[in-house]
Protein chains: 2
Amino acid sequence: MAQLAGVSQTTVSLVLGGKADDVAISAETRRKVLGAAERLGYVPDPAASRLAAARNNLLGVFSFTATFPTDVQHSYYPFLVGVEQEAAAQGFDLVLFTGSSTGGARAGAHALHRARLADGCLVLGRHAPADQLRRLVDDGFPVVHLGRRDEPEGLAWVGADYVTAARAVVGDLVARGHREVVLVCEDDPVPASTDRERGFHEGLLAAGVPTGPERVHRCADPERDLTPARLRAWLAAGVTAIVVEETDTSAAWRALNTAVSDAGLDCPRDVSLALLGSPPPDHEGPVPTGFDLPRARLGAAAVRALAALVAGGRPDEPLVECAFRPGATVGPPPR
Amino acid sequence: MAQLAGVSQTTVSLVLGGKADDVAISAETRRKVLGAAERLGYVPDPAASRLAAARNNLLGVFSFTATFPTDVQHSYYPFLVGVEQEAAAQGFDLVLFTGSSTGGARAGAHALHRARLADGCLVLGRHAPADQLRRLVDDGFPVVHLGRRDEPEGLAWVGADYVTAARAVVGDLVARGHREVVLVCEDDPVPASTDRERGFHEGLLAAGVPTGPERVHRCADPERDLTPARLRAWLAAGVTAIVVEETDTSAAWRALNTAVSDAGLDCPRDVSLALLGSPPPDHEGPVPTGFDLPRARLGAAAVRALAALVAGGRPDEPLVECAFRPGATVGPPPR
DNA sequence: TTGTATGCGTTATCAA
DNA sequence: TTGATAACGCATACAA
């Protein structure tokens, strides 16, 4: 390549690496190099440039569930929409590390290490092994986790602002006159869950409604737990609105809806329901009041954060705002 | 690392590279190396090993429409499902080249050159520039195009067997007694379209029904063209079944369905309809008789072909079979 | 403004 | 059974 252009390998590197601005290279030489590169279809080897301690404009994407699962419901597709757009905007290509989920031959104790091929790495899915992540982080390798995460320490993340979003939903309930509100959540103390719970309490407190742990109903098995009987007990105790945490399966939301109709009740006439998240794709009936996760924007924000890290800077605001979704499942308290 | 284990760099590579079986290494040495690696958390640098091995186990994916468009309808998602699975199975990671569609800064006259960064490259979307493709192919760079394609010469491709699929659909019609069948297609002579037309004719001929160009109705603007009047004219001329080519927009299929109901007719009572492809996602009413594109399998087949090229071999069968979809829009001819 | 020399961490070849 | 040593393709400090 260098020979064909009639220049040294250094010059090629300078021109193609964009360092031509800093070092000053004659337009003539530049033209020669670019011309030759084009004719040959020459592109610097990313592994080589990586090895020589430069960057290769590659961002890795590691997902600990199939990136394109057959079951679209749990897919990262919506995130990737934003990831791709922002990566393109920032001049990065994406490396999809495959098979990290399938537990195949490549999913070893060091699967994450493959990420080092790229300049930095995005990690999706909360099943990413903390020890492997820690190693990357400790080595100063740029990693951004999609979703709030406390471990390992020092890991950068980008997540949805569940606290604010939940607060807004509860605020809406209180503004409509509800005072006795209950939170139903599944028993899985991940940040996404505890954040919503915090927002729930904050929303009530901000409106001057006293709250406490007694308002939170944690259930391991929503189907057996959220029965018509339980529902009637709540109503009898004065509860007028129920807030449900969204989970992968939406089990609690489904169970509660079933319980309402099985009890011969109507939502929102007899009881108001709010969903802290998006309804499942197969949801029927009125749109649940709640909030939507801005998945594409989250993906984009993650890429921006990662780009900042790669460039040697610090990512800024890790929280992305959720959009309040006015629905049809909340009304004034009965009577 | 090597020093800490008290062995040479070579030995480390041998042990960690799994080549220990071929070369034979003392259990003692092996233990020392593994122990040291464990303590240090040492893992071979992928960039370095790739540089040395001259292969990087990366397959490029180039799409000339956004890979993750907001409009899911035209997305490559279903293909990527298969691509990811097969790539994982074959031990490849994927490089998604971004911005080739958006016409951004990176979508220049040489966007495709970036593909050389991988061991081979998959190209999706029929708008891939032929000249850039030719260059890659001429240079012996492994490229596989998803979808049949004749240009540039020598380009490997993997596509659906539209001929056989269309023949099967027409065969079903004839078997049910239809003799006067018409093909409606949009006016875009791409292989996917001409193949279906060929299958249409072959299906009729195979059943002993004479056919010819007069049976094919090409329309540039389905909405204005496929009117109730036209429909009645066909029926009056003895036509009992209409076969429609599927396109991106499904315009013809939609228009025809509208025409049927506007004419006060019933499908399949008064006329049978068949769709050479999948219905649009927003399709309502009875499932159209026709065939489905096995997108995931196509993606997988493309990866297999590419892997074969990368390994220096020749890809085998480029055609992937479509699945006949018995629907509810075909019945016996009226009267 | 451009070329020379060196090193990045690994694999592969050959010698011991 | 193991160890030197030479690529691999690039970036970078330094010399010209």
Side-chain angles (χ1 to χ4, degrees), chain A residues 1-37 40-58 93 110 113-119 135-136 139-141 310-312, chain B residues 1-37 40-58 91 95 113-119 139 141:
Chain A
M1 158 67 201
Q3 344 215 8
L4 198 143
V7 300
S8 79
Q9 189 264 323
T10 303
T11 309
V12 173
S13 176
L14 250 32
V15 173
L16 264 44
K19 307 285 182 186
D21 308 329
D22 309 338
V23 187
I25 279 204
S26 74
E28 167 73 4
T29 309
R30 188 192 177 77
R31 222 176 20 72
K32 275 197 298 191
V33 173
L34 259 25
L40 294 174
Y42 168 89
V43 166
D45 183 322
S49 48
R50 183 73 222 169
L51 183 57
R55 41 183 298 177
N56 54 21
N57 289 319
L58 251 36
D93 287 320
H110 307 292
H113 195 269
R114 277 189 288 158
R116 291 177 193 264
L117 168 79
D119 287 336
R135 159 128 274 137
L136 287 179
D139 289 355
F141 185 82
V310 167
Chain B
M1 161 67 199
Q3 343 214 7
L4 199 142
V7 300
S8 78
Q9 160 62 217
T10 303
T11 311
V12 173
S13 176
L14 249 33
V15 172
L16 266 42
K19 306 285 182 186
D21 308 329
D22 309 337
V23 187
I25 280 203
S26 76
E28 167 73 4
T29 309
R30 188 194 178 75
R31 221 176 22 71
K32 276 196 297 189
V33 173
L34 258 25
L40 294 174
Y42 168 88
V43 171
D45 182 327
S49 46
R50 274 158 193 184
L51 180 56
R55 265 187 53 171
N56 55 19
N57 289 320
L58 253 33
V95 179
H113 282 177
R114 279 188 289 157
R116 291 174 194 266
L117 154 167
D119 288 340
D139 288 357
F141 184 82

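In the text below, chain A, chain B and the rest are named by the order of the sequence lines, each starting its count at 1.
- At least one side-chain nitrogen or oxygen of Ser13(A) sits closer than 4.0 Å to the OP1 or OP2 atom of dA11(D).
- Place Arg55(A) and Ser8(B) on DNA chain D by their nearest nucleotides, and Ser8(B) ends up nearer the 5' end.
- The CZ atom of Arg50(B) sits 8.5 Å away from the CG atom of Asp119(B) when rounded to the nearest 0.5 Å.
- Closest approach of Gly6(B) to Lys32(B), counting heavy atoms only: O-NZ, 4.2 Å.
- In this structure, CG of Asp139(A) is placed 15 Å from C1' of dG9(C), rounded to the nearest angstrom.
- An OP1 or OP2 oxygen of dG3(D) is reached within less than 4.0 angstrom by a side-chain nitrogen or oxygen of Thr11(B).
- Whole-Å rounding puts the Asn57(B) CG to dT10(C) P distance at 16 Å.
- Distance, Lys32(B) NZ to dT2(D) C1': 11 Å, rounded to whole Å.
- Partner of Thr29(A) under the side chain to side chain contact (heavy atoms under 4.5 Å, CB included) criterion, out of Leu34(A), Val7(A), Leu14(A): Val7(A) alone.
- Atom CG in Leu14(B) sits about 15 Å away from atom C1' in dG9(C), given to the nearest Å.
- Electrostatic pairing of Arg116(B) and Asp45(A) does not count as a salt bridge here, judged by no charged N lying under 4.0 Å from a carboxylate O.
- Arg50(A) places its CZ atom 15 Å from the C1' atom of dG9(D), with the value rounded to the nearest Å.
- Here dC10(D) presents its P atom at 11 Å from CG of Leu117(B), a figure rounded to the nearest Å.
- Taking the side chain to side chain donor-acceptor pair (under 3.5 Å) definition, one finds that Ser49(B) meets it with nothing, sequence neighbours left out.
- For Ala52(A), counting side-chain heavy atoms from C-beta on, the closest listed nucleotide (dC8(C), dC8(D), dT2(C)) is dC8(C).
- With rounding to whole Å, Gln9(A) atom CD is found 11 Å from dG9(D) atom P.
- OP1 or OP2 of dC10(D) has not a single side-chain nitrogen or oxygen of Ser49(A) nearer than 4.0 Å.
- Here the CG-CG distance, from Leu58(A) to Leu58(B), works out to 7.0 Å after rounding to the nearest 0.5 Å.
- Distances shown here put every side-chain N or O of Thr10(A) at or beyond 4.0 Å from the OP1 or OP2 atom of dT12(D).
- Between the two ends of the helix from dT1(C)-dA16(D) to dA16(C)-dT1(D), each summarised by a five-pair axis, the helix axis turns through 40° (rounded to 10 degrees).
- Taking atom CG of residue Asp45(B) and atom P of nucleotide dG9(C), one finds them 7 Å apart after rounding to whole Å.
- Set against dG9(C), dG3(C), dT2(C), the side chain of Ala48(B) has dG9(C) as its closest nucleotide.
- Residues Thr10(A) and Ser13(A) bring no donor and acceptor atom of their side chains to less than 3.5 Å of each other.
- Distances from the side chain of Thr29(A) to the nucleotides dG3(D), dG9(D), dT1(C) place dT1(C) closest.
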